[in-house]
Number of protein chains: 2
Amino acid sequence: MITIKEIAKLANASSSTVSRVLNDSGYVSEETRKRVLKVIEETGYIPSEQAKSLRTKKTSVIGVIIPRLSTDTTSRLVNAINDELAKKGYQIILTNTNLHAEKEVEHIKLLRSRQVDGLILIATNVNDVLLKEIRNSPTPIVVIGQEIPGVSVIVNRDFEAAKQMTQLIIENGHNKIGFIGVHETDKAVGVDRKAGYLAALNGAGIPVNEQWIVDANFDYQTGYRAMKQMMEQSTIKPTAVLTVTDTIAIGAMQYMHEHHLAIPDDIAITGMGNSKVSQYIVPSLTTIDFLNEQTGKEAARLILNIIDGKEKRPKKIQMKYRIIKRDSV
Amino acid sequence: MITIKEIAKLANASSSTVSRVLNDSGYVSEETRKRVLKVIEETGYIPSEQAKSLRTKKTSVIGVIIPRLSTDTTSRLVNAINDELAKKGYQIILTNTNLHAEKEVEHIKLLRSRQVDGLILIATNVNDVLLKEIRNSPTPIVVIGQEIPGVSVIVNRDFEAAKQMTQLIIENGHNKIGFIGVHETDKAVGVDRKAGYLAALNGAGIPVNEQWIVDANFDYQTGYRAMKQMMEQSTIKPTAVLTVTDTIAIGAMQYMHEHHLAIPDDIAITGMGNSKVSQYIVPSLTTIDFLNEQTGKEAARLILNIIDGKEKRPKKIQMKYRIIKRDSV
DNA sequence: TTGTATGCGTTATCAT
DNA sequence: ATGATAACGCATACAA
């Protein structure tokens with residue numbers, strides 16, 4: 001590999017002068033600047049960020065830990081984070097836990113060993129080991145999606161969103177409303193959204209039917225299976241179903257189609273997340289837009305502010321959301 | 001940050017000894033090993049990959065350049081690449097050009113400045129600047145998706161796949177077959193798949209109708225618009241449409257639904273890519289599985305082999321594909 | 001305006 | 001079996 005020393009030699013200058021040219025720092029005459037630049041151009045020299053950051057203690061890299069790479073939510077978050085950081089000259093290094101929660105700590109360590117300037121963690125669950133790792137990390141961390149006391153987080157109003165969506169269903173004349181959620185290890189999606197659903201039922205004086213409450217797991221297939229389970233195990237059938245993600249909803253809809261249940265006439269359904277495809281399926285899906293782009297942007301800004309020392313204390317940002325009414329209710 | 005020197009001091013050893021413990025290299029007595037390990041544990045010391053790779057000339061990082069992060073194809077490729085590389089102790093650093101082809105060169109340079117051991121480029125187009133950059137890069141590069149002479153590539157049989165799919169449509173009794181493609185800057189998808197379509201028509205003695213050939217751009221919206229354009233501009237209407245991606249197909253299907261065209265009875269449609277959702281929409285989409293997981297795996301293996309010097313000459317790998325017959329034809 | 005010297009944290013060579 | 005030391009490529013304090 002070609003180094004700054006060789007450039008210096010070729011340009012008849014010292015490495016410090018080349019460094020000055022590279023960084024626009026200190027004095028350097030126009031003449032030598034041109035000479036150096038010419039050599040750099042000719043040789044295709046690219047400075048080593050490695051060496052640079054070993055010296056400066058700054059990598060301009062933010063580590064981003066995601067639970068999966070296959071959902072609209074994740075890709076929109078990551079894109080927004082990336083765009084915002086790129087504007088400020090930062091790059092991201094992505095690591096994917098593939099939903100293995102136990103790997104989160106491992107990935108934090110891995111990224112820290114790469115000396116990232118900061119970390120953004122899209123969290124699906126919070127356990128003691130992870131909590132300890134986050135709290136003890138000398139590298140600034142921003143968590144997206146789960147509320148953690150004493151840690152900088154960006155969260156959705158999961159409870160309110162689910163409650164409001166359930167109320168919308170109730171307003172449409174339903175009182176037999178099923179629910180497809182996810183496991184409670186995911187506090188935000190598994191617990192809070194379910195609590196919102198229950199609160200809305202309760203507020204409307206509608207009794208809870210346990211036969212109508214089932215779990216899925218963030219993909220089409222388990223959405224389908226959950227719907228099947230709900231219909232097969234219930235003595236009285238629901239006329240509407242609230243699901244906690246669009247993917248689950250679409251899986252559930254396939255079951256309905258297969259069994260010739262008209263949506264929304266025989267059974268209504270809602271998703272959450274406003275995935276791009278939700279608008280293009282038939283019928284189009286009533287869902288909740290959690291403003292992922294804005295969330296990603298906020299996360300990027302927050303981590304940079306923490307790094308710059310502009311944000312000293314843990315900050316909690318609650319994102320807004322929008323109910324998107326379409327044809328499935 | 002805590003360094004190897006401080007560990008050495010705390011453990012009453014030299015930094016060389018600590019290094020030996022860390023890397024399981026050379027002799028070190030069981031006693032001191034334990035002593036060192038204990039200090040490492042207590043302090044939470046994490047070695048700096050920066051410094052390490054400055055010394056060893058090896059980062060164990062592969063740069064992956066993708067055109068977008070929002071499609072199934074990309075996320076499955078990246079996941080497969082990541083899984084395979086992780087097995088061998090490599091990490092990936094992802095950069096996203098957001099479909100701005102001119103940024104590819106910039107990203108290659110960016111990643112090279114990070115001293116990545118190798119690069120995997122998911123290409124959508126090939127131009128002279130990019131070609132020159134790839135050919136001159138001292139860092140090994142594997143390209144996915146586009147054929148480039150003299151460069152290691154993993155490609156699909158785009159021509160054959162499109163041709164075979166068109167033949168399948170013809171076998172189903174159609175002879176008025178539309179085509180929604182993408183711009184020809186994308187050789188594989190824009191040119192080769194179109195050529196396959198044309199070859200199939202030609203082989204069956206079906207004349208080409210230019211009114212039935214339109215372009216979209218890898219998203220639902222332009223798929224919808226392309227379908228609209230095709231139907232509005234054509235005097236005779238097609239009874240089937242071949243599209244080059246599932247996303248485009250789903251966008252087109254929405255137009256059909258809106259205009260009460262029954263699929264496949266009034267109009268048949270096919271996609272390509274076997275996106276997860278293609279199975280769950282109604283009707284389910286006939287498509288082509290390009291075996292993305294295997295492609296990603298091959299790419300990962302190839303780049304590692306090149307790095308290890310096991311693969312000296314540029315290698316071209318052609319992936320297989322499977323036609324997936326479902327209900328849209 | 002330019003150059004010399006030092007150190008960032010690590011590994012590897014060479015003594016001991 | 002262990003330690004002192006140099007080197008990796010760069011930025012910077014200081015000298016010239």
Side-chain angles (χ1 to χ4, degrees), chain A residues 1-37 39-40 43-61 89 109-117 138-139, chain B residues 1-37 39-40 43-61 89 109-117 138-139:
Chain A
M1 204 190 54
I2 178 158
T3 74
I4 199 171
K5 270 190 186 173
E6 309 178 47
I7 299 296
K9 192 179 293 176
L10 288 170
N12 257 323
S14 70
S15 54
S16 20
T17 302
V18 177
S19 176
R20 284 186 200 105
V21 172
L22 251 21
N23 300 297
D24 270 321
S25 64
Y27 298 100
V28 45
S29 73
E30 197 49 36
E31 194 191 355
T32 47
R33 150 173 264 106
K34 275 181 186 162
R35 197 153 26 93
V36 169
L37 251 23
V39 175
I40 290 175
T43 52
Y45 164 69
I46 299 178
S48 160
E49 289 294 327
Q50 301 272 338
K52 194 186 287 193
S53 61
L54 181 60
R55 187 59 233 259
T56 60
K57 301 286 166 207
K58 190 170 188 326
T59 55
S60 296
V61 172
K109 285 184 178 163
L110 215 56
L111 290 169
R112 289 222 283 125
S113 77
R114 300 261 172 223
Q115 315 301 124
V116 296
D117 292 342
T139 307
Chain B
M1 206 189 54
I2 178 159
T3 74
I4 199 172
K5 273 189 184 172
E6 309 177 48
I7 299 297
K9 192 179 294 176
L10 288 171
N12 258 323
S14 70
S15 52
S16 344
T17 302
V18 177
S19 175
R20 281 191 276 261
V21 172
L22 250 21
N23 301 294
D24 270 322
S25 63
Y27 298 99
V28 44
S29 73
E30 198 49 37
E31 193 193 355
T32 46
R33 147 174 269 103
K34 273 182 185 161
R35 195 154 26 92
V36 169
L37 250 23
V39 175
I40 289 175
T43 52
Y45 164 70
I46 300 179
S48 161
E49 288 295 326
Q50 301 272 338
K52 193 185 287 193
S53 61
L54 179 60
R55 189 58 233 255
T56 60
K57 302 288 167 202
K58 190 168 187 331
T59 55
S60 295
V61 173
K109 287 184 177 163
L110 215 58
L111 290 169
R112 288 223 283 126
S113 77
R114 299 265 172 218
Q115 316 301 124
V116 294
D117 292 343
T139 308

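What you see is a predicted model; the values in this text were computed from it and never measured. In what follows, every chain begins at residue 1, and chains take the letters A, B, ... in the order their sequences are listed.
Using modelled atom types, one finds no donor on one side chain facing an acceptor on the other under 3.5 Å when comparing B/S53 with B/Q115. Checked by atom type, the side-chain pair A/T17/A/S14 shows a donor-acceptor distance below 3.5 Å.
Residue-to-nucleotide proximity on DNA chain C shows that, of B/Q50 and B/S25, the 5′-proximal contact is made by B/Q50. Map B/R35 and A/M1 each onto its nearest nucleotide of DNA chain D; the residue landing nearer the 5' end is B/R35.
Between B/K52 and B/E49, at least one side-chain N (NZ, or NE/NH1/NH2) sits under 4.0 Å from a carboxylate O, which counts as a salt bridge.
Protein atom CD1 of A/I46 is 14 Å distant from nucleotide atom C1' of D/dG9, rounded to whole Å. At whole-Å resolution of the value, NZ in A/K52 and P in C/dG9 are 18 Å apart. With rounding to whole Å, B/E6 atom CD is found 10 Å from C/dC8 atom P. Atom C1' of nucleotide C/dG7 and atom NZ of B/K5 are separated by 8 Å, given to the nearest angstrom. Rounded to an integer number of Å, the gap from B/E49 CD to D/dC8 P is 20 Å. B/I2 has its CD1 atom 12 Å from the C1' atom of C/dG9, to the nearest Å. The CG atom of A/D24 sits 14 Å away from the P atom of C/dT1 (whole-angstrom rounding). Going from atom CD of A/E31 over to atom P of C/dT2 covers 8 Å, rounded to whole Å.
The CD1 atom of A/I46 sits 11.0 Å away from atom CD1 of A/I40, with the distance rounded to the nearest 0.5 Å.
Side-chain proximity of A/S14 to the nucleotides D/dG9, C/dG3, C/dG9 is greatest for C/dG3. Comparing atom distances between the B/R20 side chain and each of C/dG3, C/dT13, C/dT10 picks out C/dT13 as nearest. For A/I4, counting side-chain heavy atoms from C-beta on, the closest listed nucleotide (D/dC10, C/dT4, D/dT2) is D/dC10.
Residue A/R114 comes nearest to B/S60 through the heavy atom pair NH2-O, 3.7 Å, listed as atom of the first residue, atom of the second, then distance. Between B/L110 and B/S113, the shortest heavy-atom contact is O-OG, 2.6 Å.
Note on B/K57: a side-chain N or O is less than 4.0 Å away from OP1 or OP2 of D/dG9. A sub-4.0 Å separation between OP1 or OP2 of C/dT10 and a side-chain N or O of B/S19 is absent. OP1 or OP2 of C/dT2 lies within a sub-4.0 Å distance of a side-chain N or O belonging to A/T32. Taking side-chain N and O atoms only, B/Y27 has no distance below 4.0 Å to OP1 or OP2 of C/dT16. The side chain of B/T17 contributes no N or O atom lying less than 4.0 Å from OP1 or OP2 of D/dT2.
Residue-level contact check: B/S16 touches the bases, meaning some heavy atom is under 4.0 Å from a base atom. Among the heavy atoms of the strands, none lies under 4.0 Å from A/S15. Here B/S29 lies in heavy-atom contact (under 4.0 Å) with sugar-phosphate atoms only. Residue B/S48 is classed as a sugar-phosphate contact, given heavy-atom separations below 4.0 Å to backbone atoms only.
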